[in-house]
There are 2 protein chains.
Amino acid sequence: MDEGQGVALIPPAARQARAHHPRPSIEDVAAAAGVSTATVSRAIRGLPRVAQPTRMRILEIAQALGYAASASAAGLATGRTRSVGVVTPSLRQPAYSAAVEGAERALRGRDYSLVLLHLPHRSASPQLSTDLNMLRRRVDALLVLGADTLGKDQIKQLQRSGMQHIVIGLHGEHVDGEAEAATTAIRHLVQLGHTDLAFFLGEPGAPSWANPQARGLEHCTSALKTEGIKLKEIRIEIGAGAIRNSRRAFSRLWAGPGSKPTAIVCASDEMALGVLLEAAREGLSIPEDLSIVGMDGQDLGESLELTAVIQNSALRAARGAQSLLAALEGERSVTYSAAWSPELMIRQSTARRARNHSAAGMVETEPGRQPRDYG
Amino acid sequence: MDEGQGVALIPPAARQARAHHPRPSIEDVAAAAGVSTATVSRAIRGLPRVAQPTRMRILEIAQALGYAASASAAGLATGRTRSVGVVTPSLRQPAYSAAVEGAERALRGRDYSLVLLHLPHRSASPQLSTDLNMLRRRVDALLVLGADTLGKDQIKQLQRSGMQHIVIGLHGEHVDGEAEAATTAIRHLVQLGHTDLAFFLGEPGAPSWANPQARGLEHCTSALKTEGIKLKEIRIEIGAGAIRNSRRAFSRLWAGPGSKPTAIVCASDEMALGVLLEAAREGLSIPEDLSIVGMDGQDLGESLELTAVIQNSALRAARGAQSLLAALEGERSVTYSAAWSPELMIRQSTARRARNHSAAGMVETEPGRQPRDYG
DNA sequence: ATGAAAGCGCTAACAC
DNA sequence: GTGTTAGCGCTTTCAT
């Protein structure tokens with residue numbers, strides 16, 4: 001790090017220029033063009049009541065002067081900032097960073113800018129409210145990523161404030177996204193003929209998307225039991241330890257007595273990776289000997305060619321942003337919360353259950369099916 | 001997706017309220033407190049010339065009214081927006097998202113907000129300049145992530161505009177970050193006694209940090225040769241195909257004739273993962289049979305307990321942001337570019353070369369060393 | 001098609 | 001310690 005004595009790249013002349021804040025104002029442009037500021041304003045924003053030649057001249061001059069309207073002044077005059085706040089609990093988790101990317105794209109496409117607020121812990125701290133409040137006067141609307149990012153009270157506060165907002169990923173009264181995702185994954189495997197499954201999921205109390213412990217899942221599992229399908233639930237620490245822990249859990253599972261599952265659902269791609277590594281070590285072929293379904297399935301899942309229940313959070317966030325903008329421009333209210341509907345992305349890590357699957361894995365490949373180059 | 005007919009969670013009453021934009025202004029607060037707006041302004045911003053009881057009263061009233069100063073109005077009055085723009089080429093790559101996180105933290109800690117600009121392709125398109133220009137009037141300073149994010153002309157333009165900015169990750173005249181990182185990694189392995197190395201790196205022309213093809217690296221490699229150390233360079237597609245490709249490359253390498261390297265440097269954690277998977281399949285123990293060094297080494301590398309050359313980009317970005325703020329508040333100029341100094345993070349994937357290491361791997365473990373639970 | 005003028009909500013001198 | 005006042009740079013009627 002050498003910020004302190006970092007190389008100053010600008011020549012003294014430019015430095016001078018900056019020191020005097022020589023940013024041209026709309027008046028400068030108006031004067032240079034010999035018109036009023038009102039005309040310049042219309043011309044630059046592409047509003048109608050300007051003669052074509054006049055407009056051209058103004059645009060040229062503005063360009064030459066390097067003029068751009070001050071966001072503050074425009075904002076004060078119009079009452080709108082042309083920016084929306086995006087609050088996310090994480091930037092490292094692919095689902096969230098993808099969502100932020102999606103939102104950014106949607107917003108920038110409409111000439112809105114995105115103010116990022118990173119709220120790692122969903123606490124009801126006064127600090128948090130302060131941060132939200134700061135945002136409130138800075139942006140026209142709020143896109144909240146993650147159902148648990150804001151507490152109920154904060155959501156209420158938002159609603160009271162009358163600020164337009166959308167919460168992406170909320171599992172509300174009607175839909176439980178997590179359970180739905182888990183169900184989707186399990187259904188896929190059952191359809192492939194698997195009757196002995198393991199489910200690697202988060203510890204009870206784990207936050208957000210990695211924790212499919214909702215009653216929807218319990219419905220699903222009890223339904224399974226009546227069909228004679230075994231589903232062993234294995235709780236894994238999520239987050240940084242997910243890979244290590246799922247490796248360990250898989251080893252234990254495989255070394256243990258009793259029948260081995262022919263398919264595993266993992267609540268995150270990291271867990272799936274752990275299973276993949278350990279399975280490679282055991283000499284198992286994926287998906288011939290063992291089917292694996294991931295969740296979240298963005299970058300890592302894609303690279304690993306993992307069949308996964310994906311969130312397409314980028315698209316969802318983009319849509320959310322679009323709704324927000326539509327509401328802003330159309331004056332209508334969209335203050336609402338959207339539920340997450342997961343999609344199943346079938347890739348290379350699941351296959352129909354081998355007919356004569358032994359308890360220990362290590363079975364001949366189904367005829368006609370190429371072994372994958374998985375470990 | 002159901003934004004269109006999404007559940008509106010606010011009751012009609014609140015909806016009414018919003019419709020009338022009932023945001024209190026500073027005058028409302030002043031009136032309610034029986035003071036002037038100037039006093040309110042001072043009180044709220046914590047400026048000195050306000051009596052303690054007055055301040056308390058004002059703060060209370062402001063709180064009760066849900067007042068927060070309009071950023072636009074304040075910005076127009078002060079000439080500063082209290083926000084800085086962060087431009088990043090990516091949010092998915094851990095190094096960048098970590099950097100954004102770091103910057104956000106630093107900025108929010110100082111009550112600045114962060115406006116995000118995502119510029120995936122470093123093109124000289126007019127669109128890009130437009131976007132940059134938009135930002136210019138919206139933020140007080142710019143933090144540019146990535147050496148290649150902006151083209152030379154755009155940097156020049158920035159400099160001319162006099163906007164405060166810092167570029168993080170630039171390998172300038174003096175330091176070549178990539179080569180330095182590669183050198184660091186290689187040196188580590190050589191010190192562990194390895195004399196036969198492979199280097200998985202990006203294709204020529206690959207962007208930014210994953211492409212250590214600078215002349216610094218060539219210096220390093222030629223130096224190695226004179227020491228009798230073999231370094232086989234293997235070019236791998238980076239990005240989405242990195243894992244798959246490095247698996248393939250490793251298989252080929254291992255199946256091929258001749259001596260096998262005892263250590264591998266990977267230009268990204270994804271490549272390292274590919275190697276890890278394939279090594280597990282070959283029955284190799286890491287690091288006993290094979291040492292692996294990753295690069296970028298944030299989340300994935302950490303989870304895999306990979307020895308890696310890390311960028312600590314979060315810290316770097318935070319420092320950059322701090323410098324920017326210091327400059328903004330102190331009026332001094334910091335327009336400069338910072339170079340990246342990589343650090344070696346020694347974790348579990350490298351070990352001293354086994355004494356009687358066979359060409360094929362599969363060697364007894366060094367006495368006294370626990371085999372890792374790697375695949 | 002263009003211009004004059006009245007703010008938008010806040011801050012910062014300056015006066016008291 | 002507190003109030004008065006003059007803008008900040010733009011948008012937006014309303015005239016012309």
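Letters A, B, ... are given to chains in the order of the sequence lines, protein chains preceding strands, and every chain is numbered from 1.
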Arg138(B) and Ser113(A): side chain donor to acceptor below 3.5 Å: yes
Within the side chain of [X], is there an N or O that forms a donor-acceptor pair under 3.5 Å with the backbone of [Y]?
| X | Y | value |
| --- | --- | --- |
| Ser323(B) | Arg319(B) | yes |
| Arg57(A) | Ala33(A) | yes |
| Asp140(B) | Val84(B) | no |

Between P of dA1(C) and CE of Met56(A), the distance in whole Å: 16 Å
Heavy-atom protein contacts under 4.0 Å, nucleotides 8-16 of chain D, coded B base, S sugar-phosphate only, - none: BBBBB--B-
Sidechain N-carboxylate O distance under 4.0 Å for Asp131(A), Arg108(B): yes
